[in-house]
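Input: a single structure, listed below in structure tokens.
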Amino acid sequence: MSVFRRMTEGLARSRDRFKESMNVLLHRGPDLDEGFWEELEETLILSDIGGAASMDIVENLRDKAERQALPDAYAVLDLLSDEIQGAFAEGDGGVLDGSPEVILFVGINGTGKTTTVGKLANEAKAAGRNVILGSADTFRAAAIEQLEVWAKRADVPIITKERGSDPASVCFDTIDAAEAQGADLVLIDTAGRLHTSDDLMRELEKVVSVTKKRANVPVHTVLVIDATTGQNGLQQAREFNRALDLDALIVTKLDGSAKGGISLAISHELDLPIVKVGVGESIEDLRDFSTHDFVASLIGDFEEEDLTDEESLEEDRSEAPCSAALQSCPPEDAQPEPKPIPADPAPAKDEPQKMSWADFVAMDDAMKAQEKPKKHFWEKW
């Protein structure tokens with residue numbers, strides 16, 4: 001299964017919710033009034049794109065609508081996909097660009113850091129790079145063993161220490177080994193840190209600082225974020241970026257996320273490029289990030305005829321053939337035949353006399369004749 005298809009299936013719930021909101025928005029009419037822009041921004045926010053990114057996207061669209069004299073909401077939608085793509089931060093190179101580098105992978109527990117390191121090692125080794133791994137997650141049970149399994153799969157060396165060792169010392173030893181072996185890519189897995197714990201974040205700052213002082217090549221700090229965390233992922237990214245000055249993002253679990261729009265929120269607000277995305281569990285399921293594929297998976301395509309389902313339904317009803325229960329269809333100008341008035345049954349004994357239809361019509365005519373003609377309000381003047 002292709003990366004695009006997995007991403008499309010994973011973001012199906014986000015896409016359906018987005019399109020449903022857009023349909024509701026456009027059924028109010030195609031006018032580009034103030035209400036349209038407010039509801040468009042709300043729709044983007046509800047798709048986990050984030051407040052800052054949504055506001056900027058709407059403002060840019062609004063400016064283009066005025067400068068290009070766009071006629072209606074459908075013309076605005078034609079520009080929506082490109083505008084969302086442009087909201088992602090652009091990478092300036094340096095991270096996974098093929099040059100010698102050290103990459104520290106950070107994030108909370110459960111985001112897939114260790115798995116991501118293993119997949120990247122396999123990809124880089126297949127591309128002909130000399131890779132070495134460092135297991136600086138010395139606290140989580142079986143973390144070292146897990147990375148050793150990935151190192152074996154990718155057929156790359158790994159530097160480890162016993163559990164409980166100082167993670168900064170692991171980074172130091174890994175860089176020593178990389179220089180001795182001539183490695184041009186060093187991937188270091190760090191322990192998961194709760195962004196709400198100041199002590200743990202300060203310890204992680206020490207790890208990054210020691211690594212940067214020891215390395216003779218650029219050191220990049222990459223946040224691994226779980227796409228399923230939604231708005232909580234944005235808060236995680238803010239805290240990690242404040243403490244570590246991040247260089248890039250890797251987004252995992254996009255194949256099973258209903259909140260994938262948060263990727264854009266983080267990238268836009270923190271000006272961080274997304275370098276890779278995870279779309280599965282196998283070793284080949286970490287791929288380069290494409291803004292075009294992501295946006296196509298998140299919002300889908302909008303066609304004007306798709307947004308007028310109710311009108312189409314009414315037209316279909318008006319053109320529908322007569323019911324099969326009828327022998328034939330009456331002509332358009334045919335008048336319905338009046339139903340015969342049934343004869344009044346004989347009144348039962350001790351029951352009040354019932355008024356016949358003819359008596360009722362006669363009485364109604366007499367009452368109308370006695371009524372005074374009503375004047376319209378303008379005839380009173």
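From a predicted model like this one, the values you see are computed outputs, not experimental measurements.
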Per the side chain to side chain contact (heavy atoms under 4.5 Å, CB included) rule, which among [options] passes with [X]?
X    : options                : result
D226 : V251, I108, T252, N232 : T252
D189 : V117, T116, T115       : V117
L61  : L32, L40, L70, D56     : L40

Closest contact, heavy atoms only, [X] versus [Y]:
X    : Y    : answer
D293 : S290 : N-OG, 3.2 Å
A154 : G118 : CB-O, 4.3 Å
M201 : A243 : CE-CB, 3.8 Å
L185 : A124 : CD2-CB, 3.5 Å
D137 : A191 : OD1-CB, 3.2 Å
P218 : P100 : CD-O, 3.6 Å

Tell me whether [Y] is reachable from [X] by hopping between hydrophobic residues (I, L, V, M, F, W, Y) whose side-chain heavy atoms are closer than 4.5 Å.
X    : Y    : value
L120 : V224 : yes
V295 : L79  : yes
I274 : L270 : yes
I158 : F105 : yes
F139 : V207 : no

Is there a donor-acceptor pair under 3.5 Å between the side chain of [X] and the backbone N or O of [Y]?
X    : Y    : result
H268 : L264 : no
N241 : A237 : no
N23  : K19  : yes
E269 : A53  : no
S267 : L272 : yes
R129 : S99  : yes
R62  : W37  : no
S165 : E162 : yes
T138 : R163 : no
D247 : T221 : yes

Worked check of side-chain contact (heavy atoms from CB on, under 4.5 Å) between Q181 and I132: CA-CA 9 Å; Q181 300 175 22; I132 188 170; 3.9 Å; yes
Side chains of [X] and [Y], heavy atoms from C-beta outward: is any pair under 4.5 Å?
X    : Y    : answer
V106 : L244 : yes
E203 : P167 : yes
V186 : I103 : no
R140 : T114 : yes
L25  : M22  : yes
K125 : D155 : yes
F18  : L44  : yes
F240 : L246 : yes

Which residues share a ring pair (Phe, Tyr, Trp, His ring centres under 6.0 Å) with F289, sequence neighbours left out: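 Applying ring pair (Phe, Tyr, Trp, His ring centres under 6.0 Å) to F289 gives F88, F294.
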Between E179 and R214 (salt bridge meaning N to carboxylate O under 4.0 Å), is one present in this structure?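 Looking at E179 and R214, the cut-off is met.
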Basic-acidic side-chain contact under 4.0 Å: K212, D245: no
Rounded to the nearest 0.5 Å, how far apart are [atom1] of [X] and [atom2] of [Y]?
X    : Y    : atom1 : atom2 : result
L46  : E20  : CG    : CD    : 11.0 Å
T43  : I49  : OG1   : CD1   : 9.5 Å
I159 : C171 : CD1   : SG    : 11.5 Å
T229 : Q235 : OG1   : CD    : 11.5 Å
L133 : L147 : CG    : CG    : 5.0 Å
L223 : R238 : CG    : CZ    : 13.0 Å

Between F36 and V76, is the side-chain contact (heavy atoms from CB on, under 4.5 Å) condition met? List the steps. CA-CA 11 Å; F36 168 79; V76 171; 4.3 Å; yes
side-chain contact (heavy atoms from CB on, under 4.5 Å) between V156 and N122, worked out: CA-CA 8 Å; V156 298; N122 178 74; over 6 Å; no
Applying salt bridge (charged side-chain N to carboxylate O under 4.0 Å, His left out), run through K206 and D166 and close with a yes or a no. CA-CA 11 Å; K206 172 191 170 185; D166 182 1; 3.4 Å; yes
How would you list, by chain and number, every residue that makes a side chain to side chain donor-acceptor pair (under 3.5 Å) with D173, sequence neighbours excluded? K161
Around atom CD of Q68, are there more than 12 heavy atoms of other residues, nucleotides or ligands at under 6.0 Å? yes
Not counting sequence neighbours, list each pair that qualifies as a salt bridge (charged side-chain N to carboxylate O under 4.0 Å, His left out) and has a residue in residues 108-123. E123-K276
Show, in sequence, the C-alpha distance, side-chain angles and deciding distance for T111 and I225, and conclude whether the side-chain contact (heavy atoms from CB on, under 4.5 Å) test is met. CA-CA 6 Å; T111 59; I225 198 80; 5.6 Å; no
Stepwise salt bridge (charged side-chain N to carboxylate O under 4.0 Å, His left out) test for R242 and E239: CA-CA 5 Å; R242 180 185 60 79; E239 294 302 320; 3.1 Å; yes
